[in-house]
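What follows is one structure encoded as structure tokens, with my remarks underneath.
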2 protein chains.
Amino acid sequence: MIAILEALEQASDLAELQALSERMRDYFGVDHLVYHWVSGTGEQYGCGTYDPAWVARYLEKDYLRIDPVVQSCYQRFHPVDWKQLNWSGKPVRDFQRDAMDHGVGNQGFTVPVRGPSGQFAIFTVSHSCDDCTWHAFIENNRRELILAAHYFNQKALEFEPDRAPDAAMHLSPREVDAMTFLAMGYSRAQVADTLSISEHTLRVYIESARHKLGAANTTHAVARSLQQGLIIV
Amino acid sequence: MIAILEALEQASDLAELQALSERMRDYFGVDHLVYHWVSGTGEQYGCGTYDPAWVARYLEKDYLRIDPVVQSCYQRFHPVDWKQLNWSGKPVRDFQRDAMDHGVGNQGFTVPVRGPSGQFAIFTVSHSCDDCTWHAFIENNRRELILAAHYFNQKALEFEPDRAPDAAMHLSPREVDAMTFLAMGYSRAQVADTLSISEHTLRVYIESARHKLGAANTTHAVARSLQQGLIIV
DNA sequence: AGTCACTTCCCCCGAAATAGCGAGGAAGCG
DNA sequence: CGCTTCCTCGCTATTTCGGGGGAAGTGACT
């Protein structure tokens, strides 16, 4: 396992990630192993051993917004065993049947991982077996699966194009103040009052932040500030 | 190490976390080990082996917004060795001197961890030794430190009061659509157009979402939707 | 069979935010 | 000592948003 993690640290392109995902699948002895991530700007990438037809269908149908695994992982920190999830609801059952038909497997374990700037990824192993066997497998491999998720994400972030230049993004202290209070629900007048400056001045900061962030309006600017981790509310 | 991680999984209060942080410090053989987290709503908590006077001073001075370790970790995924950071700038040097005076140590290694709803935590080990010794220590213990950070955060999230009941929060599909497009910078008119509904209808969704989220205005509602992971932009 | 949540549409009007100009002073960096 | 960035304040017009009323159809769950 350590050898695989060290190989992951050395990987230099997506093809290597793909190869390592297959190698890791064999190491764990499961049907599938998938690492899938969404950048802060919405692009999706992934590598793993799912049927390419299933991956295409997943993207095409925008299953990301239905998949209970994703929905659940997006709101929790703990890794999740698929059996714990709520699979009720018509669209969800349709999705589940579709997944089964594409050989995803009846058991699964997914680790959510979060990076800066709203980056979010999931690392999944799935398999076909009975509940008891699966439970034992998870208990024995939980720590290694968490580490694997971490190392996959670490490498994936290096591959994202607009990650390094993004570091240049910077808001001035006053701009941060403005965005922070706006994110807390203050009106412009309230923010200006809180910061003890005129509302006109405040507007300059908001405008300035908007331009820096390439945002269309204040709401957008606040949303981007949050997503990019520029403000700590 | 595994014994400590398993004890972490069983911990039931902050005092146990504190005890385990001391036990883990002894395991690693470092001067200090600290886990510090900021909830999505801005409260700060922590446990670890720093001098309480330093912790108090850190909070009082709002060093969170100056500390280059925090600032850097907030924008990256990789753990960071303090030596890699940029310690220039007057406020930063003042902070650094202040930290030294409180016995923090000249070497440090910090792992950032992110949870849902904008939760953010750092796990730090610090020590006083030469660069070479420290580098070797980090190389040997990197994986265990990452796992430790993960397990600390896993437990910390359980202690947060409004974390579990929050799962009840739910936006309707249309409300999610509205919040999503607003977060993308669309104006009300554009969102209404995109969803092919009248702007009046859209307003009903925004109002509805605002009330559910307890938000003061649209910007606040979008900010909360993002923080709580209710929308995936 | 009734309640409840969701979706869709309409009216009005005052308050708030946005967009386009402008300028001067303080602080930090090379 | 300039240069840049940041902070501060001003004006006006237009657009957007917020809050207050309504009403009606669908589906789900009880």
Sub-4.5 Å side-chain heavy-atom contact between B:L202 and B:R174
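No, too far: nothing below the 4.5 Å cut-off.
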Hey, are the side chains of A:L226 and A:I231 touching, using non-hydrogen atoms and a 4.5 Å cut-off?
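A side-chain contact exists here, since the closest heavy-atom pair is under 4.5 Å.
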From the list [options], which nucleotide is the closest neighbour of the side chain of [X]?
X: A:S172; options: C:dT18, D:dG10, D:dC6; answer: D:dC6
X: B:H170; options: C:dT18, C:dC6, C:dC11; answer: C:dC6
X: B:H200; options: D:dG18, C:dC11, D:dG10; answer: C:dC11
X: B:I197; options: C:dT8, D:dG18, D:dC9; answer: C:dT8
X: B:P173; options: D:dC9, C:dT7, D:dC17; answer: C:dT7
X: B:K212; options: C:dC6, D:dG10, D:dC7; answer: C:dC6
X: B:T201; options: D:dG18, C:dT8, C:dC6; answer: C:dT8

Quickly work out the [X] [atom1] to [N] [atom2] distance and round it to whole Å.
X: A:L202; N: D:dT8; atom1: CG; atom2: P; value: 10 Å
X: A:R188; N: D:dT16; atom1: CZ; atom2: C1'; value: 11 Å
X: B:N217; N: C:dA17; atom1: CG; atom2: C1'; value: 11 Å
X: A:D193; N: D:dT8; atom1: CG; atom2: P; value: 14 Å
X: B:L195; N: C:dC6; atom1: CG; atom2: C1'; value: 14 Å
X: B:R210; N: D:dC17; atom1: CZ; atom2: C1'; value: 10 Å
X: B:L182; N: C:dA17; atom1: CG; atom2: P; value: 15 Å
X: B:I206; N: C:dA16; atom1: CD1; atom2: P; value: 18 Å

Taking OP1 and OP2 of [N], is either one under 4.0 Å from a side-chain nitrogen or oxygen of [X]?
X: A:Y205; N: D:dC6; result: no
X: A:S198; N: D:dC9; result: yes
X: B:S208; N: C:dC6; result: no

Indicate, with a heavy-atom threshold strictly under 4.0 Å, whether B:R174 touches base, sugar-phosphate, or nothing.
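Sugar-phosphate contact only - B:R174 comes under 4.0 Å of backbone atoms but never of a base.
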Between [X] and [Y], what is the ring plane arrangement, given parallel below 30°, perpendicular above 60°, and tilted in between?
X: A:W54; Y: A:Y63; value: tilted
X: A:Y58; Y: A:H36; value: perpendicular
X: A:F120; Y: A:Y74; value: perpendicular

Centres of the B:H150 and A:F77 rings: under 6.0 Å?
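They qualify: ring centres under 6.0 Å apart.
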Measure centre to centre between the rings of A:Y35 and A:F123, then say whether the value is under 6.0 Å.
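No - the distance between ring centres of A:Y35 and A:F123 does not fall below the 6.0 Å cut-off.
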Between the protein and nucleotides 25-30 of chain D, list every N/O to N/O distance that falls short of 3.5 Å.
none

Can you tell me if B:H32 and B:T49 form a side-chain donor-acceptor pair at under 3.5 Å?
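B:T49 and B:H32 do have a side-chain donor-acceptor pair below 3.5 Å.
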For [X] and [Y], work out which heavy atoms get closest and say how close.
X: A:S225; Y: A:L171; result: OG-CD1, 4.1 Å
X: B:S126; Y: B:V30; result: O-CB, 3.7 Å
X: B:E9; Y: B:K155; result: O-NZ, 2.9 Å

The single option from B:R57, B:K61, B:R93 passing salt bridge (Lys or Arg N to Asp or Glu O under 4.0 Å) against B:D98:
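So, applying the salt bridge (Lys or Arg N to Asp or Glu O under 4.0 Å) to B:D98 and each of B:R57, B:K61, B:R93, only B:R57 qualifies.
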Less than 4.0 angstrom from a charged side-chain N to a carboxylate O is my criterion; do B:K212 and B:E175 meet it?
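Salt bridge flag = yes for B:E175 with B:K212.
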Residue closer to the 5' end of DNA chain C, B:L171 versus A:A189 (nearest nucleotide)
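So the residue in question is B:L171.
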Could I get a table of every N or O pair under 3.5 Å where one atom is in the protein and the other is in nucleotides 20-24 of chain C?
{"from": "C:dG20", "atom 1": "O6", "to": "A:R203", "atom 2": "NH2", "distance (Å)": "2.8"}

Five pairs per end, C1' atoms only: what is the angle between the end axes of the helix from C:dG2-D:dC29 to C:dG30-D:dC1, to 10 degrees?
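Roughly 80°, once rounded to the nearest ten degrees.
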